[in-house]
Protein chains: 2
Amino acid sequence: MENCIERLEKKGVRVTSIRILVLNALMNASGTMSLGDLESALETVDKSSIFRTLELFVKKHVVHAIDDGSGSVKYEVCEGEDECTLADMHTHFYCESCHRTFCLKDISAPIVSLPQGFQANSINYIIKGICPECRKYGVSF
Amino acid sequence: MENCIERLEKKGVRVTSIRILVLNALMNASGTMSLGDLESALETVDKSSIFRTLELFVKKHVVHAIDDGSGSVKYEVCEGEDECTLADMHTHFYCESCHRTFCLKDISAPIVSLPQGFQANSINYIIKGICPECRKYGVSF
DNA sequence: TCTACCCTCGCAACCCGGTTGCAAGAGGGT
DNA sequence: ACCCTCTTGCAACCGGGTTGCGAGGGTAGA
């Protein structure tokens, strides 16, 4: 909680109650959260407020957005103090059974060399499949 | 054109005029096409018909879908005769300036090894940045 | 040939995540 | 206390995707 406030101040984001709520939810989440996840986790807060908060967080590099192709963008707290570089991008795993997105933080996204003229800004590396839990419980595709 | 019909028959898809139109458009496209692209390319055909055609094509492995995080799914004709395997997946480049998606067919998507228990079915490897053309014409982000 | 059936297609309506305009509310500085 | 700015909630909107339904057209069997 204190941690949240500190983090916001460090990134130059004015501290408000909603921003603490959103950041706290993201920091306590086991994985990533979507706008919808946050909406249902924070029932008292309006969707558009959460949306604008996330928008601000992304701009200020408090969190980063991951598009896992599920139709809803996921958010995750940035680890480093400064901006995320290409090398910071890590691998994500999307479970096609339970529709959760896992951060494989210790697996950094591989970087291929591009043809002449292409300039890379970011990498989206998503592996889709079945997560260990769903396999264990025999949930079929 | 003949090529289209042959390809559909080979994949066990009943040949209809709309299916030929859609597949032909995709085969002649320089890159990938979205549902919207096809809709405007084939003015006479209804959106839902194109949607259902693409749905069928994906199921029958005539085309595959790529989610480049632009908000609209892109489609691309499958190369091989049989189903696409992990190794077949190639890299895509999304230009944040002109919003086009490029297929880097000769760059196959890198495969990382997953933690115990995760089962990979497909890979989405998207690099976002600025394409050569947009850089040349000095279009800034 | 006639009929019954199934697949395909167009239309319209819907769904849902995301986004925006606007007005009220809260907070900080003077 | 006052003003200005930022923040928030509400409601409406947007666009891609999706679905229900009924009409059209082809096909197989009688």
Side-chain angles (χ1 to χ4, degrees), chain A residues 4-5 8-9 11-26 32-60 62-76 94 96 99-101 124, chain B residues 4-5 8-9 11-26 32-60 62-76 94 96 99-101 124:
Chain A
C4 288
I5 297 172
L8 289 176
E9 285 170 345
K11 299 279 186 169
V13 175
R14 186 189 297 227
V15 178
T16 72
S17 56
I18 285 193
R19 289 171 190 176
I20 294 173
L21 283 172
V22 172
L23 183 54
N24 195 49
L26 283 166
T32 59
M33 293 185 87
S34 66
L35 177 58
D37 293 337
L38 285 162
E39 207 183 336
S40 39
L42 310 172
E43 290 187 6
T44 57
V45 187
D46 187 75
K47 181 171 63 159
S48 65
S49 301
I50 301 175
F51 171 75
R52 283 190 263 242
T53 301
L54 289 170
E55 197 176 36
L56 177 72
F57 281 5
V58 168
K59 201 172 71 187
K60 295 285 191 173
V62 179
V63 306
H64 55 257
I66 309 131
D67 193 322
D68 57 14
S70 68
S72 63
V73 179
K74 303 292 190 301
Y75 297 89
E76 181 181 32
Y94 175 71
E96 292 171 320
H99 305 291
R100 282 185 299 169
T101 299
N124 233 350
Chain B
C4 288
I5 297 171
L8 290 175
E9 284 170 345
K11 300 280 186 169
V13 175
R14 185 188 299 230
V15 179
T16 71
S17 57
I18 285 194
R19 289 171 189 176
I20 294 173
L21 282 172
V22 172
L23 183 53
N24 195 50
L26 282 167
T32 60
M33 294 185 86
S34 66
L35 176 58
D37 293 337
L38 285 163
E39 207 183 336
S40 39
L42 310 172
E43 290 186 7
T44 57
V45 186
D46 187 74
K47 182 170 63 161
S48 66
S49 300
I50 300 175
F51 171 76
R52 282 190 262 242
T53 301
L54 289 170
E55 198 176 35
L56 177 71
F57 280 5
V58 168
K59 201 174 71 189
K60 296 285 191 173
V62 179
V63 306
H64 54 256
I66 310 132
D67 193 322
D68 56 13
S70 68
S72 64
V73 178
K74 303 293 190 301
Y75 297 89
E76 182 181 31
Y94 175 70
E96 291 172 320
H99 306 291
R100 282 185 299 171
T101 299
N124 235 349

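Predicted, not measured: the structure shown is a model, and the values here were computed from it.
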- Query: How would you list, by chain and number, every residue that makes a salt bridge (charged side-chain N to carboxylate O under 4.0 Å, His left out) with Arg19(A), sequence neighbours excluded?
  - Reply: none
Using whole Å, what does the distance between atom [atom2] of nucleotide [N] and atom [atom1] of [X] come to?
{"X": "Met33(B)", "N": "dG17(D)", "atom1": "CE", "atom2": "P", "answer": "13 Å"}
{"X": "Leu56(B)", "N": "dG17(D)", "atom1": "CG", "atom2": "C1'", "answer": "17 Å"}
{"X": "Ile18(A)", "N": "dC10(D)", "atom1": "CD1", "atom2": "P", "answer": "10 Å"}
{"X": "Glu39(A)", "N": "dT8(D)", "atom1": "CD", "atom2": "P", "answer": "16 Å"}
{"X": "Lys59(A)", "N": "dC6(D)", "atom1": "NZ", "atom2": "P", "answer": "11 Å"}
{"X": "Ile50(B)", "N": "dT19(D)", "atom1": "CD1", "atom2": "P", "answer": "17 Å"}
{"X": "Glu43(B)", "N": "dG10(C)", "atom1": "CD", "atom2": "C1'", "answer": "16 Å"}

- Distance from Tyr94(A) atom OH to Arg100(A) atom CZ, nearest 0.5 Å? 11.5 Å
- Query: With sequence neighbours left out, what residues match Asn124(B) under side chain to side chain donor-acceptor pair (under 3.5 Å)?
  - Reply: none
- Among all residues two or more places apart in sequence or in another chain, which pass the side chain to side chain donor-acceptor pair (under 3.5 Å) test with Thr32(A)? none
- Query: For Thr53(A) and dT7(D), is the shortest distance between a side-chain N/O and OP1 or OP2 below 4.0 Å?
  - Reply: no
- Any salt bridge (charged side-chain N to carboxylate O under 4.0 Å, His left out) involving residues 39-50 of chain B? Give me the pairs, sequence neighbours left out, ordered by first then second residue. none
- Note on the structure: Letter by letter from the 5' end, nucleotides 12-30 of chain C scores (B base, S sugar-phosphate only, - none; protein heavy atoms under 4.0 Å) -----SBBBB---------
- Item | Under the side-chain contact (heavy atoms from CB on, under 4.5 Å) test, residues paired with Ile18(A) that sit two or more places apart | Thr16(A), Val22(A), Val45(A), Ser49(A), Thr53(A)
- Task: Could you check whether Ser49(B) gets within reach of a base, just the sugar-phosphate, or nothing at all, counting any heavy atom under 4.0 Å?
- Result: base
